[in-house]
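Down below is the structure, laid out as structure tokens.
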Amino acid sequence: MASQDWFEKDFYAILGVPADADAAAIKKAYRKLARTLHPDQNPGDKASEKRFKEIGEAYAVLSVPEERKQYDAIRSMSRGGARFTSGGPEGGGGAGFEDVFSNLFGGGGGGGGRGGNVRFSTGRGGGGQPNLEDLLGGMFGPEGQQGYGGYGSTAGPRRGQDIEARTTLSFRDAVEGSTVALSTADGSTITARIPVGVKDGQKIRLRGKGYPGDEGAPAGDLMLTVQVGKHPVFGRDGNNLTVDLPVTFAEAALGATVSVPTLSGDPVKVRIAAGTPNGRVLRVKGRGIAAKGHTGDLLAKVSVAIPQRLSDKAREAVEVLRAEEADADPRADVFARARQD
């Protein structure tokens with residue numbers, strides 16, 4: 001939101017970027033400073049807190065093309081980049097009063113304001129220079145806020161700007177849902193409820209949690225990107241949970257009933273059929289992620305564990321098995337399919 005202190009604050013210098021920096025450079029500079037100056041990184045440091053607020057204010061203006069355009073125009077006036085006359089004939093010295101503000105607020109037309117949609121008078125004194133105090137009063141409205149009814153503008157009060165933020169959740173918090181606290185540029189805290197089953201990289205819109213709007217207009221939204229950490233045992237496939245289930249060679253060959261871990265901590269029993277191959281997926285209904293009225297399943301992938309050491313008796317048994325399967329070639333089908341076009 002524009003204010004009179006735009007004349008005094010150099011937002012480009014605050015972010016450490018040149019005035020012609022593109023949007024990507026401005027965003028990169030802001031993120032780098034925000035990481036360094038964030039209150040969580042500098043507890044109790046008032047200077048860092050003040051700088052954090054300043055870069056937040058600067059980015060809020062420079063990251064919005066229309067806001068940046070108005071800011072640049074206002075700063076140009078403060079540096080003497082614009083000159084006012086009372087109108088006068090064409091060819092007179094300096095830019096016409098109508099020209100400057102017609103360009104600033106979107107009015108059409110060229111020199112002298114011809115064809116523009118906005119018309120200005122010079123205020124007191126008829127043909128003298130415009131009074132800057134009067135100018136700012138009409139331009140920004142009461143208490144330094146930009147007016148939306150002045151100079152013939154028909155635009156209503158502006159909605160607040162959206163804010164982008166990121167947060168990182170553990171795998172369990174993402175599956176079960178969580179509440180997080182986020183620090184804003186002005187040092188306040190926003191509490192956000194993360195829904196059950198949120199995915200890595202998912203964006204959540206928190207309505208009304210962004211920057212405040214003009215008087216009578218709603219605040220912007222907070223666009224929160226969620227990053228989800230890895231779990232040492234469980235993975236995710238949509239709303240299904242996945243887990244690798246080690247079984248012994250005997251269990252896979254002869255069949256068995258084994259326990260499978262769940263995210264809740266309560267194991268469930270599954271039946272391993274005799275002759276189950278390595279890699280087969282066993283499905284446990286309703287033990288996945290409960291999201292949007294549907295609960296996924298738990299997918300247990302069989303992983304046959306090969307013993308690293310064999311007793312003499314066990315080795316003899318395996319050798320007997322190998323002798324009985326001497327005529328079988330488990331790779332025959334692979335070679336046959338490999339020869340196909």
From R166 CZ over to T168 OG1, what is the distance, rounded to the nearest 0.5 angstrom?
8.5 Å
Does the plane of the ring in Y59 sit parallel, tilted or perpendicular to the ring in Y30? Use 30° and 60° as the thresholds.
parallel
Could you pull out the closest heavy-atom pair between V304 and F249, with the gap in Å?
CG1-CA, 3.9 Å
Determine whether M223 and V180 fall in the same hydrophobic cluster, where Ile, Leu, Val, Met, Phe, Trp and Tyr are linked whenever their side-chain heavy atoms lie under 4.5 Å apart.
no
Same apolar cluster: V270 and L254, side chain cutoff 4.5 Å:
no
Pairing residues for Q41 by the side-chain contact (heavy atoms from CB on, under 4.5 Å) criterion, not counting sequence neighbours:
H38
Could you tell me whether the side chain of V64 reaches within less than 4.5 Å of the side chain of Y71, counting heavy atoms only?
no
Evaluate the side-chain proximity of T295 to N239: yes if any heavy-atom separation is below 4.5 Å, no if none is.
no
Results of side-chain contact (heavy atoms from CB on, under 4.5 Å) for A256 - residues two or more places apart only
E251, V258
Nearest-0.5 Å distance, CG of residue N278 to OG of residue S303:
5.5 Å
Is the closest side-chain heavy-atom distance between Q227 and D200 below 4.5 Å?
yes
With sequence neighbours left out, what residues match L37 under side-chain contact (heavy atoms from CB on, under 4.5 Å)?
L33, S48, R51, F52, I55
Would you check, one step at a time, whether the test side chain to side chain contact (heavy atoms under 4.5 Å, CB included) holds for D45 with E49?
CA-CA 6 Å; D45 188 336; E49 182 178 346; over 6 Å; no
Close side-chain approach of R205 to D162, heavy-atom, < 4.5 Å:
yes
Chi angles and distances behind the salt bridge (Lys or Arg N to Asp or Glu O under 4.0 Å) call for D221, R207
CA-CA 4 Å; D221 299 335; R207 298 195 178 278; 3.4 Å; yes
Hey, are the side chains of N240 and R283 touching, using non-hydrogen atoms and a 4.5 Å cut-off?
yes
So which atom in R172 and which in L263 form the shortest heavy-atom distance, rounded to 0.1 Å?
NH1-O, 2.6 Å
Would you mind checking if K53 and E57 are paired as a salt bridge, meaning a charged N to carboxylate O distance below 4.0 Å?
no
Connected-component partners of L299 among ILVMFWY, side-chain separation under 4.5 Å:
V281
Any side-chain heavy atom of K50 within less than 4.5 Å of one from E54?
yes
How many angstroms lie between CG in D297 and CG in D237, if you round to the nearest 0.5 Å?
10.5 Å
Is any NZ, NE, NH1 or NH2 atom of the basic residue among R158 and E66 found under 4.0 Å from an Asp or Glu carboxylate oxygen of the other?
no
Check K32 against T36 and note the closest heavy-atom contact, atom names and distance.
O-OG1, 3.1 Å
Which atom of L222 lies closest to which atom of K209, heavy atoms considered:
CB-CB, 3.7 Å
Cluster question for you: counting only ILVMFWY and a side-chain heavy-atom cut-off of under 4.5 Å, with indirect links fine, are I306 and V320 together?
no
Using side chain to side chain contact (heavy atoms under 4.5 Å, CB included), reason through H231 and R236 one step at a time and then give a plain yes or no.
CA-CA 10 Å; H231 193 280; R236 180 171 181 175; over 6 Å; no
If Ile, Leu, Val, Met, Phe, Trp and Tyr residues are connected whenever their side-chain heavy atoms lie under 4.5 Å apart, and connections chain through other members, are V268 and V233 in the same group?
yes
Could you pull out the closest heavy-atom pair between G235 and F171, with the gap in Å?
O-CZ, 3.7 Å
Just so I know, are the side chains of P267 and T262 near enough to count as touching, which here means a heavy-atom distance under 4.5 Å?
no
Set of side-chain contact (heavy atoms from CB on, under 4.5 Å) partners for R322, sequence neighbours left out:
E319
Residue pairs passing the salt bridge (charged side-chain N to carboxylate O under 4.0 Å, His left out) test where at least one lies in residues 306-317, sequence neighbours excluded
none
Do L224 and L182 make a side-chain contact, defined as non-hydrogen atoms from C-beta onward lying under 4.5 Å apart?
yes
Side-chain donor or acceptor of E176 paired with backbone N/O of A174 under 3.5 Å:
no
Decide side chain to side chain contact (heavy atoms under 4.5 Å, CB included) for V198 and L169; before the verdict, give the C-alpha distance in whole Å, the side-chain angles of both, and the deciding distance to 0.1 Å.
CA-CA 10 Å; V198 66; L169 296 180; 4.0 Å; yes
Heavy-atom closest pair, residues P261 and L298
O-CD2, 3.5 Å
